[in-house]
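Because only heavy atoms are used, hydrogens play no part in the values below, and waters and symmetry mates are left out as well, while side chains stay in. Lettering of chains follows the sequences in order, A, B, ..., and the numbering in each one begins at 1.
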Protein chains: 2
Amino acid sequence: MGRKRTKSGKIRLTEVAKLAGVSPITASRFFRNPSALSLSKRERVDSAVKELGYVPNLAARALASHRTEVIGVVIPSLTNSVFADVLRGIYDASEQSRYSIQLANTRYSILQEEKLLRLFRAQKPAGLIVTGINQTPESRNVLETMDCPVTQIMEIGDSPVDMMVGFSHYDASFAAISHILEQGRRRIGFLGARMDPRVQRRFDGYRDAMKAVSLFDPNLVVTTTVPTTVTLGGTLFADLLAQAPDIDAVFCVNDDLALGVLFECQRRQISVPGHMAIVGFNDLEFMASAVPSLSSVRTNRYEMGRHAITMVIDAIEGRRPQQPVLDLGFQLMIRDSSMPPTA
Amino acid sequence: MGRKRTKSGKIRLTEVAKLAGVSPITASRFFRNPSALSLSKRERVDSAVKELGYVPNLAARALASHRTEVIGVVIPSLTNSVFADVLRGIYDASEQSRYSIQLANTRYSILQEEKLLRLFRAQKPAGLIVTGINQTPESRNVLETMDCPVTQIMEIGDSPVDMMVGFSHYDASFAAISHILEQGRRRIGFLGARMDPRVQRRFDGYRDAMKAVSLFDPNLVVTTTVPTTVTLGGTLFADLLAQAPDIDAVFCVNDDLALGVLFECQRRQISVPGHMAIVGFNDLEFMASAVPSLSSVRTNRYEMGRHAITMVIDAIEGRRPQQPVLDLGFQLMIRDSSMPPTA
DNA sequence: ACAATTATTGACAGCGCTACCATCGCATTG
DNA sequence: CAATGCGATGGTAGCGCTGTCAATAATTGT
């Protein structure tokens, strides 16, 4: 054929342009802003691209344009299925776009987060999604000098770095406790693990809801910084029973703990909800299926991911949202485990 | 000061070299192969880098070197906690290295997988990890022309594209059924969802184990291509009971189904293990905690991730493993749910 | 002591693409 | 009809780094 190629056999934009009978820059525009080309050239370039099987060199593009098409996502855990759902939303919505996702995992370490944010800044991402609103001053500073749209997810607060999508953990927790109180329970225990900032706010909601009716008692609270497991739910519940044997309900900061509590109740033959109400948080799929079905606070994680990535992409492309903070709310899923006690 | 900078204020390697009093190429080597520098130059460059806060431009490096330091990871699901564990192993082991991870999610679609693999090939990753051994011929071809180390994970088979780390789903399943048979059960049901290739092999193990003792009966099998949930476990179990009311055990292709079966037994007041044995697969954390505790097949997911990424990185850096296929095996976790039946 | 070998270092020439600005043609306007 | 504006296109000049290979310095063996 005699078609020009580099030694490696790779086809460059120049070859495409030559075949299409246009200048390289026009071929380049074909990819970045096709509407700027006349219809005839667009078609010519298109068929040349297809004929040669041309694939753009992303590194060259990034070097020349000082931009990338990578959106960074910083989350604290890969194992926590809460983030799996958020990620699913992010990946689903990003697939139709030209952007690719670069995941980074802080493992709940704020130092690790600082390090990863600095790394991202060096890579000049097109956008960034970070978890939570409790960055260190240093991390906050990196985010503010990031020179790209940033969305904080999982919760909402007053001073967004840029954009935010989440819900109020405090309100959700407060609402859950109010519901339990309405069922006539008085001694509502609190079980917390990991105790990251969002879990802390769930505790605050619990505490204030209890204080509002003068029922708060430190003996009702058992927390640990250890990561959550179902087994841990049982252990913490046993601790709680030991320090407050008269409890008639337990609010767990997540559903794994709640399931662990249910199993421990079964083991001890404590009737649920007859003698003990259980309410979890997140509304994982199994909650509805348990016997008895377990009440929980549904959080819109998939939607959170979708909205976050959509907001970032829109902002990258100049379509800034009219309001930077999006509250996705929550729903109380009231099931058998929080029905009123039997006399 | 008069120190040279580009318009954007960014510091380039040239500036570092100038400050250190060496040539740019020497400064470049400082990052890629520090041991090639004399101690004095190494120290001079090091302090220059620190003083200027230099950050390498990865795009320029990729363009000039025709390589990247990205390792692609292709998995079929983000929600499935099995992959969350594998990913945790991958991320943990990659953090000490210079390589970063690029995740891609096929959602169990082989077409999506083809597309993603082609995309990866265009990006010239340093290495690749893909799930399973059932690629389409087209995908297989892309993998073979990938020009970088490739590790297939989750299962093992005869013809690796390059390297493999996993275990035999067939053997694991066969062993689980043998165990149930040893407890004196005869009518062992099979519950399967999603039915991806690995689940299919678990079925094969079940079928052959049952056939080996002439107990196979198609009525004992209920499967669906729907994705797994706990709730689905209950539903499938109900179907199974309807078509084979005399079953005395259920083998579930994963733990979520097994939990759903347990809940359904509780709902129907079928005693476990008195009248029904339950065995799951994967040994998720909650299995040990359930009441009764649920037997399962432990798979070494975290280790699989660690080994896979380590093998890839080693291969990138020229340290090829002596044997390309690594079998991580499995462990039968025998718990209360598969104790012998009560008379 | 001198050639041979090895460890260090540097000069040069791009990698493949896009930013910037200039140009050209054509339609619109006074 | 010239002046003006605008959409479409192209030329030039790098982006910041590293591969290649040559040059120099240090070390060794005989």
Side-chain angles (χ1 to χ4, degrees), chain A residues 3-46 48-49 52-69 98 122-124 126 147, chain B residues 3-46 48-49 52-69 98 122-124 126 147:
Chain A
R3 210 175 276 141
K4 273 266 190 62
R5 295 183 177 213
T6 56
K7 311 106 198 179
S8 61
K10 269 279 172 293
I11 289 135
R12 291 165 308 171
L13 195 53
T14 316
E15 276 80 64
V16 175
K18 206 159 285 173
L19 180 64
V22 300
S23 72
I25 189 69
T26 301
S28 169
R29 275 192 273 262
F30 169 77
F31 289 99
R32 293 174 296 139
N33 185 17
S35 65
L37 299 202
S38 65
L39 194 60
S40 68
K41 304 240 162 169
R42 207 183 308 170
E43 282 167 353
R44 295 229 301 278
V45 176
D46 188 47
V49 165
L52 296 173
Y54 169 74
V55 180
N57 180 320
L58 301 180
R61 181 179 288 177
L63 180 60
S65 67
H66 304 276
R67 288 186 278 99
T68 64
E69 296 192 334
R98 65 221 265 203
Q123 293 183 208
K124 302 183 183 234
D147 193 34
Chain B
R3 209 175 277 140
K4 272 265 190 64
R5 294 184 177 213
T6 57
K7 312 105 197 179
S8 62
K10 268 280 172 293
I11 289 135
R12 291 165 309 170
L13 196 53
T14 316
E15 276 79 63
V16 174
K18 205 159 286 172
L19 181 62
V22 300
S23 72
I25 190 68
T26 301
S28 169
R29 274 192 274 262
F30 169 78
F31 289 99
R32 293 174 297 139
N33 185 15
S35 66
L37 298 204
S38 65
L39 193 61
S40 68
K41 304 241 162 168
R42 205 183 311 170
E43 281 166 352
R44 295 231 301 279
V45 176
D46 187 49
V49 165
L52 296 173
Y54 169 74
V55 179
N57 180 321
L58 301 179
R61 180 179 289 179
L63 179 59
S65 67
H66 303 277
R67 287 186 280 99
T68 64
E69 296 191 334
R98 65 221 265 205
Q123 293 181 207
K124 302 185 184 231
D147 192 36

Out of C:dT9, D:dC17, D:dC15, minimum distance to the side chain of B:Ala64 belongs to D:dC17
Does B:Arg32 put a side-chain nitrogen or oxygen below 4.0 Å from OP1 or OP2 of D:dG19? yes
Can you tell me how far apart NE2 (A:His66) and CG (B:Asn57) are? Round to the nearest 0.5 Å. 8.5 Å
Strictly below 4.0 Å: does B:Arg61 bring a side-chain N or O up to OP1 or OP2 of D:dG16? no
Gap between atoms CD and P, on B:Glu43 and C:dT8 respectively (whole Å): 14 Å
CG of B:Leu37 to CD of B:Glu43, rounded to nearest 0.5 Å, is 11.0 Å
Hey, does B:Ala59 reach any base, or is it just sugar-phosphate, or nothing, if we go heavy atoms under 4.0 Å? nothing
Between C1' of D:dA25 and NZ of B:Lys41, the distance in whole Å: 11 Å
Rounded to the Å, how far apart are A:Asn57 CG and C:dG16 C1'? 6 Å
Would you classify A:Arg67 as touching base, sugar-phosphate or nothing, given that sugar-phosphate means primed atoms plus P, OP1 and OP2, and contacts are heavy atoms under 4.0 Å? sugar-phosphate
Looking at D:dT18, I'd like to know if its phosphate oxygens (OP1 or OP2) sit under 4.0 Å from a side-chain N or O belonging to B:Ser28. yes
Given side chains that start at C-beta, do those of A:Arg29 and A:Ile25 come closer than 4.5 Å, heavy atoms only? yes
What is the distance, to the nearest angstrom, from the CG atom on A:Leu13 to the P atom on D:dG10? 12 Å
Side-chain N or O of A:Ser23 less than 4.0 angstrom from OP1 or OP2 on D:dG10? yes
Which nucleotide in the set C:dC17, C:dG16, D:dG16 lies at the smallest distance from any side-chain heavy atom of B:His66? C:dG16
Just the rounded figure in Å: distance from P of D:dA8 to CZ of A:Arg42. 9 Å
Out of curiosity, B:Leu13 CG to B:Thr26 OG1, how far, rounded to the nearest 0.5 Å? 9.5 Å
A:Leu37 has a side chain; which of D:dT9, C:dG10, D:dG14 sits nearest to it? D:dT9
NZ on B:Lys18 to CD on B:Glu15, rounded to 0.5 Å: 6.5 Å
Start at the 5' end of DNA chain D and walk down; is the nucleotide closest to B:Ile25 or to B:Leu63 reached first? B:Leu63
Proximal nucleotide (of C:dT18, D:dC17, D:dT9) relative to the B:Tyr54 side chain: D:dC17
Mind calculating the distance between CZ (B:Arg12) and P (D:dT18) to the nearest angstrom? 14 Å
State whether B:Ser38 places a side-chain N or O below 4.0 Å from either non-bridging phosphate oxygen (OP1 or OP2) of C:dT9. yes
CZ of B:Phe31 versus C1' of D:dT18: gap in Å, rounded? 13 Å
note: A:Phe30, atom CZ; C:dT18, atom C1'; distance rounded to Å ~ 17 Å
Is a donor-acceptor pair below 3.5 Å formed from side chain A:Arg29 to base D:dG10, judging by atom type as modelled? yes
Examine B:Phe30 together with B:Tyr54 and report whether their ring centres are nearer than 6.0 Å. no
For B:Thr26 and A:Pro24, take the nucleotide of DNA chain C holding the closest heavy atom to each; which residue's nucleotide lies nearer the 5' end? B:Thr26
